[in-house]
Structure formats: structure tokens, C-alpha cells
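To start, the structure under review is shown below, and the notes come after it.
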Protein chains: 2
Amino acid sequence: MEPPAPQRRVTIVDVARHAQVSTTAVSKVLRNAYGASPEMRTKVRRAIDELGYRPNAAARGLRGQTYTIGVMLPDIRNPFFPEILDGITGHLADTDYQVFLGPGGRNDEQAEARVTDAMIDRGMDGIILIAPVSSRARLEHIASAVPAVVVGRHGHSTVYDTVTDDDVAGAAMLVGHLVDLGHSRIAHIEHHESDPTRIAEMPNAQRAEGYRRAMRSLGLAEEIDIVSTSYTQQGGYEGATQLLARPRRPTAVFAGADIVAMGVLEALAEAGLSVPGDISVAGYDNTTFASFGPISLTSVDQAGREIGGNAARLLLERIADRRKAPVQVKLSPTLVPRRTTAPPPL
Amino acid sequence: MEPPAPQRRVTIVDVARHAQVSTTAVSKVLRNAYGASPEMRTKVRRAIDELGYRPNAAARGLRGQTYTIGVMLPDIRNPFFPEILDGITGHLADTDYQVFLGPGGRNDEQAEARVTDAMIDRGMDGIILIAPVSSRARLEHIASAVPAVVVGRHGHSTVYDTVTDDDVAGAAMLVGHLVDLGHSRIAHIEHHESDPTRIAEMPNAQRAEGYRRAMRSLGLAEEIDIVSTSYTQQGGYEGATQLLARPRRPTAVFAGADIVAMGVLEALAEAGLSVPGDISVAGYDNTTFASFGPISLTSVDQAGREIGGNAARLLLERIADRRKAPVQVKLSPTLVPRRTTAPPPL
DNA sequence: GCGATTTTGGGTAACGTTTCCCATCGGGTG
DNA sequence: CACCCGATGGGAAACGTTACCCAAAATCGC
């Protein structure tokens with residue numbers, strides 16, 4: 001008794017033999033290439049179905065395309081990514097491309113390098129980098145090896161396309177909202193960024209800049225008050241603690257990200273302050289939990305699906321023509337007022 | 001002026017020439033295979049570094065391994081997955097394997113099939129399926145094509161290993177906790193499952209079963225009250241609405257998942273009921289937002305990292321020996337009491 | 001009708017690795 | 001000193017697909 005033979009996979013040769021044609025013909029049919037008559041097509045397709053043939057991606061990759069798109073995701077916990085991903089997969093659903101996600105590590109350039117290298121090694125046809133923290137040079141290096149689209153990094157490049165949300169405008173909208181409610185002492189918690197090559201490109205910097213500009217243009221330059229921590233719950237907690245220690249406490253806190261706002265809410269609750277009665281709080285990203293009843297956080301919604309859809313579209317265009325001129329798409333966020341913002345106490 | 005040649009990638013042949021050895025020798029060094037002297041190894045490694053050579057995964061895949069592990073993720077929004085993923089990547093960090101995530105679709109067997117087929121087409125060395133909804137037959141089919149580990153499906157198989165959390169025990173712990181607080185009218189919101197081939201295998205069914213058994217063994221068989229909706233926020237909202245319409249309202253609601261509990265909290269808030277003053281609420285999964293200050297949801301923590309770590313370990317073992325006997329690992333959850341549960345109103 | 005052109009189909013050489021061999025070389029054994 | 005053996009290195013054939021050709025047949029233009 002032999003062990004059951006590990007059943008060799010059906011190859012293009014098997015299909016060719018079964019359909020009584022050449023492998024070239026089968027290949028042409030598979031790729032909808034020129035040079036196959038309608039009868040040939042139906043004959044081959046029938047053989048494919050009968051044998052349950054599926055092309056071997058490795059063999060294809062050796063010759064060129066792998067029909068695979070890589071999406072680098074630095075932090076899978078960021079609840080904002082699913083929206084982008086939906087946009088990407090939605091756009092790619094009708095194509096032959098398959099999307100795979102490469103998990104990076106939070107703020108970890110090395111992990112990003114590892115993942116992107118792995119994608120390149122695997123001959124992926126294109127890469128979408130979501131909010132990468134890698135240096136500009138590194139991004140250009142990647143893009144020179146494979147068609148790439150960068151999401152969430154402001155700043156132009158000659159080799160890759162970018163899709164961003166207008167963070168400056170979003171921050172300004174939020175400040176406007178708070179001012180309309182009657183606030184003037186509005187503080188901001190930002191993510192600390194030290195690397196000079198990245199500084200202006202990162203969304204956190206843009207949000208802080210949008211905050212500054214809006215405050216100035218609304219005549220509140222004197223009230224500008226920024227605390228630098230990080231875009232984490234912990235960062236929000238610490239930031240709020242610092243703000244509460246101010247002699248003149250702010251009446252509203254604009255946290256640079258929803259997760260930061262969570263930390264702020266926690267600190268305020270511990271301090272016995274009510275939201276929005278004593279102090280208003282707003283986040284950014286409109287993540288899933290922002291809408292949860294007990295939280296109901298005022299936030300700014302980035303058009304996640306559109307970001308993803310645009311990224312996918314640009315990538316396909318770049319795959320089709322690697323030397324096309326790079327495009328920058330900037331989308332507009334929308335304000336989502338909820339129950340954590342209200343007029344300041346009298 | 002030529003356009004800059006698209007700079008051919010460095011191949012094993014280039015390395016061999018540069019080191020003045022055969023490609024065979026380079027290959028041996030790369031794979032730490034037998035038949036290369038120490039001097040040969042250093043010489044080749046130097047050439048690899050100098051040229052910045054990286055092996056082409058497609059070519060490797062054509063001959064055998066791709067050093068790629070696929071993780072199928074049906075719902076990227078489920079905030080419980082990152083823990084599992086951390087466990088997986090942590091376990092695989094020191095190996096040559098690279099992890100890629102394949103996004104499925106919520107409760108979408110077809111999407112799962114598409115992703116898993118794509119993984120097989122790409123010659124991935126092994127696949128981890130997280131909480132798949134596919135039929136048993138389909139899972140066995142996958143596992144017969146490639147080493148596979150299934151996470152979150154109870155029920156044994158002869159071809160794949162499984163890693164699960166003891167959902168029956170987790171549900172029982174939660175019921176015990178509520179009973180200890182003094183509750184007896186404890187209702188449960190479950191995810192409706194109709195497919196008979198899956199029914200006993202799915203975690204939702206196990207949680208409901210754990211609830212039933214615990215209620216019975218605590219002498220509360222009469223009080224068993226299950227509402228069947230779905231594991232979504234909407235499902236929680238609807239479930240709670242149904243429960244509030246009961247003539248004898250429950251004093252505690254055990255939602256089958258944290259996200260369900262969010263819907264419950266929303267419905268209760270709308271009904272003007274306070275939590276936990278009027279009614280206690282508990283979830284399951286201990287997702288990130290459960291710990292947020294304003295929510296502070298009592299939940300059950302699955303040992304996510306351990307689940308992932310075990311899955312990765314079992315997969316590597318199975319890759320090493322495809323005919324080893326299948327293993328079932330069942331881990332124990334822990335209760336995380338927070339502020340949404342308290343003694344019932346008098 | 002006849003040369004020119006288009007359509008149709010296939011042969012075959014890559015692509016970059018791995019793996020199965022075999023050849024060579026030193027040195028130990030009888 | 002003949003023989004054998006282990007260690008070391010390399011030649012060459014796959015792996016499954018695509019793309020560049022070329023040949024034959026069918027169609028077209030006049």
C-alpha cells in the first residue's frame with residue numbers, strides 16, 4: 001500500500017493536453033491575449049473548468065506578473081485602516097489582483113523595511129504604503145523597485161503617487177466648530193515628531209499646523225496651547241494631565257486622534273470633570289468606537305473608503321505605465337459633531 | 001540619452017560569479033545546506049552582502065518553499081485579531097518566514113474561498129485560518145492542499161490542527177460572576193447560526209452553550225433567556241430592545257461579544273436605564289475599547305497572544321512533518337470585571 | 001485569381017532557484 | 001600501495017509560465 005500520491009497540481013500542460021492544443025494557446029486564453037479564436041477560447045476554458053486548473057503564481061512571477069498587490073499596514077490596531085482597506089479591495093474586486101496585507105510594527109522603521117522587502121522579493125506587482133514612518137529616502141527606494149502609492153504622507157515625490165486627507169483643513173474645521181460653540185481656550189495634543197526629514201510630511205504635524213493656523217486666523221493666537229505627547233491612549237492621558245495643571249485651564253481639548261481622546265476622557269473622569277459640561281473634547285479619525293453610545297466623541301472623518309479607492313486606482317494606473325507623472329490626491333475630511341463638545345461653562 | 005536601464009535585480013548567478021563559485025554553492029550557503037566548507041560560506045556571504053542580493057521568492061516557490069505564511073482574516077475590524085496576530089508574528093520573528101494577511105469578508109464563504117485559493121496558488125508554505133466561516137469540507141480541502149491550522153473552530157479534524165479558547169468555560173465564568181453579584185435574571189444575546197454543519201463548531205454556539213449549562217448548574221434553568229441576533233452593534237441594539245420588552249426584564253445581559261455589548265449599551269441609554277445601576281452588561285473578547293474609561297466593560301479575555309503563538313508553533317511543526325497527528329489546543333480565558341456589572345437593583 | 005495581409009496556432013527559450021547527481025581530492029585502512 | 005570513504009564543489013535538469021518568434025491558413029484588395 002503506497003501512501004496516496006501527493007496529487008500533483010494541474011498545470012498548463014495538463015490543460016493543453018486535455019484540450020488538445022498547445023500550452024501557448026492555453027496561456028493566451030488565460031491572459032485574454034491576442035491570437036486565439038473564439039472556438040479555441042471556449043475549448044480551452046472548458047478544459048480548465050473540467051480539470052479545475054489554477055495558474056501557479058510562482059511560475060507567473062518568474063516571468064513577470066504575480067497579480068498580487070501588497071498593502072503595508074504599520075499598525076493593524078488602528079481602527080481607521082479597515083475603511084481604507086475596504087476602499088482598496090472594493091476597487092480591486094473585479095480585477096485579477098489579489099490583495100495581501102503585510103503587518104509592520106508601530107513606529108518601527110525596521111519592521112516596515114522587512115515587510116516591504118518581503119513584498120518586493122515576492123514580486124508583487126504594486127505596493128500601497130499606509131501611513132508609513134520610513135524615511136523619505138527609503139520610500140523612494142521602494143518606489144524605484146516597484147510601483148507604489150503612499151497614503152497619509154504629505155509631500156510630493158517624483159516616483160510615487162500619494163493620497164492624503166487634508167489634515168490642515170480637518171483641524172481647522174474642528175477648531176471652527178469649537179469656536180462656534182463659544183470656546184476660545186482650546187488646547188491641542190499632538191504626536192511628538194523629532195525626525196526632521198519626516199516632520200512636515202506626517203499627518204500629526206499637519207493637524208497641529210491646521211490648529212495653529214485656524215487659531216491665528218480666528219484671532220486666538222494668544223490662546224494657542226499645544227502639548228506634545230504621542231498618538232496613544234497613554235499619550236492622551238498624560239497630555240490631559242498636563243493641561244489640567246495649567247493655571248488657566250482650557251475649556252476644550254482637541255486631541256490629534258480618537259485614541260488620544262480616550263486617554264483624555266479617562267483623565268478628565270478621574271479628575272472629576274464632566275464632559276462636555278466642564279470641558280469639551282474632540283478627536284480625529286472618526287474611528288468605530290467614536291460612535292459608540294457611551295463615548296459619542298466629536299471627531300473628524302477622513303474619507304477612508306475614498307482614500308483606499310483612490311490609492312488602488314492610482315496604483316493600477318502606475319502599474320500600467322510606470323513612467324506616468326506622479327499624482328497627488330488630497331481629499332476633504334468632514335466634521336462629525338457628537339456629544340463630547342458643547343458650549344463652555346459660563 | 002537612454003532611459004536608465006530598469007536595473008536588473010541581483011541574482012544568484014551574479015553572486016556566484018562575484019564570489020568565483022558555482023550557483024549550487026551559493027544556494028547551499030543560503031539554505032545552510034550540507035556540503036559547503038566554512039571558507040566557502042564566508043566567501044559567499046561576503047559576496048551576498050557586497051551585492052545586496054536577495055533571493056527571488058517566485059523562483060524559490062517554483063522549486064518548493066516560498067517562506068511565506070498566510071493568515072486568513074475574515075473580518076479585519078474585529079479588534080480581537082491583533083492580539084492573535086502579535087502571537088503569530090512574535091513566534092515567527094526569528095524564522096525566515098514572512099507573514100501575509102489575506103482579508104476575507106465578514107461571514108462570506110466565497111471571499112474566504114477566494115483568499116485561501118489565492119494563498120495556495122501563491123505556494124504559501126502554510127496557512128492559519130482565523131475564525132473561518134467556511135464549511136468543514138472546505139476546510140479539509142484547504143488543509144489537504146497546504147499545511148493548515150484553524151483558530152476558533154471547535155471540532156476535530158484529521159488533517160488540520162486547531163487552536164481554540166474554551167468558550168464554554170468563558171461563558172460559565174461570566175455567568176458565575178453575575179450570579180455572585182446577586183443576579184438571577186440573566187439574559188444572553190447570541191449570534192444566530194443556521195448552517196447545521198457548522199453549528200456546534202462556532203464559538204458563538206459554544207458561548208451560548210456555556211451560558212445554558214452554567215445557568216442550569218446554578219439552579220437557574222428557569223431563567224434561561226436567549227435572544228438570537230448577530231455579533232454586531234446592530235445585533236446588540238436589537239437584542240436589547242427585545243429584552244426590554246419582556247414582561248419580566250432581565251437584570252443582567254451577557255452579550256456574546258463586546259461589539260454586541262456596545263449596541264446593548266446604546267439601547268439601554270436610549271431607554272433611560274443606567275448601567276450598572278438598573279441593569280448589568282457584560283461582553284466577551286476584552287477588545288481594546290472595552291477598557292476605555294467611558295465604557296469600562298466587563299468582559300472575558302481570550303488569551304489572544306497565546307492563541308496566535310500556539311497556532312504558529314503547530315503550523316511550523318506541521319510544515320516540518322505533514323503527516324504528524326493533528327493536535328487540538330484549547331486555552332483558558334480569564335474574566336475581566338469592570339464597571340458595567342454590579343449587584344442588581346433591590 | 002494572385003500577391004499581400006491578417007488571423008490562428010505552436011515551438012521554444014528564457015525567468016531564478018533547488019536538487020539530484022557525479023567528479024575530484026585527501027587521507028585513512030588493510 | 002591499492003582501495004575506499006568522507007568532504008567538498010559543480011553541472012545540469014527540472015519547476016510552470018510567458019513572450020518572442022515563425023509557419024500555415026484564411027481573407028482581402030485589386
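Residue numbers begin at 1 in each chain, while the letters A, B, ... track the order of the sequences.
- In terms of phosphate contacts, B:R31 brings a side-chain nitrogen or oxygen within less than 4.0 Å of OP1 or OP2 of C:dT19.
- Taking CE from A:M119 and OG1 from A:T66, the interatomic distance works out to 11.0 Å, rounded to the nearest 0.5 Å.
- As rounded to whole Å, 12 Å separates atom C1' of C:dG16 from atom CG of B:L30.
- Note on B:S27: a side-chain N or O is less than 4.0 Å away from OP1 or OP2 of C:dT18.
- Of the listed nucleotides (C:dT19, C:dG16, D:dT18), C:dG16 has the atom at the smallest distance from the side chain of B:N56.
- Rounding to whole angstrom units, CZ of residue A:R17 and P of C:dG9 are separated by 20 Å.
- Looking at heavy-atom distances under 4.0 Å, B:A33 makes no contact with the nucleic acid at all.
- Taking the charged nitrogens against the carboxylate oxygens, A:R136 and A:E201 do have a contact shorter than 4.0 Å, which makes a salt bridge.
- Here the nucleotide nearest the side chain of A:R63, chosen from C:dT19, C:dT7, C:dA14, is C:dA14.
- With respect to the salt-bridge test (charged N to carboxylate O, under 4.0 angstrom), the residues B:D117 and B:R138 qualify.
- Between A:R77 and B:E83 there is a salt bridge, since a side-chain N of the basic residue sits under 4.0 Å from a carboxylate O of the acidic one.
- Of the listed nucleotides (C:dG10, C:dC20, C:dT8), C:dT8 has the atom at the smallest distance from the side chain of A:Y34.
- At the phosphate of D:dT17, OP1 or OP2 sits under 4.0 Å from a side-chain N or O atom of A:Y53.
- In terms of phosphate contacts, B:S37 brings a side-chain nitrogen or oxygen within less than 4.0 Å of OP1 or OP2 of D:dG9.
- Between the side chain of A:T24 and the base of C:dG11, a donor-acceptor pair under 3.5 Å is found.
- Nucleic acid contact class of B:V21 (heavy atoms, under 4.0 Å, all strands): sugar-phosphate only.
- Ranked by how close their nearest DNA chain D nucleotide is to the 5' end, B:A59 and B:P38 are led by B:P38.
- Separating the CD1 atom of A:I12 from the C1' atom of D:dT18 is a distance of 8 Å, rounded to the nearest angstrom.
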### Message
Using the rule given for side chain to side chain contact (heavy atoms under 4.5 Å, CB included), can you reason through B:V149 versus B:T162, listing the C-alpha separation, both sets of side-chain angles and the distance that settles it, and then say yes or no?
### Response
CA-CA 6 Å; B:V149 174; B:T162 62; over 6 Å; no
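- For C:dG16, the OP1/OP2 oxygens have no side-chain nitrogen or oxygen of B:R60 closer than 4.0 Å.
- Using a 4.0 Å cut-off, no side-chain N or O of B:T11 falls inside it from OP1 or OP2 of C:dG16.
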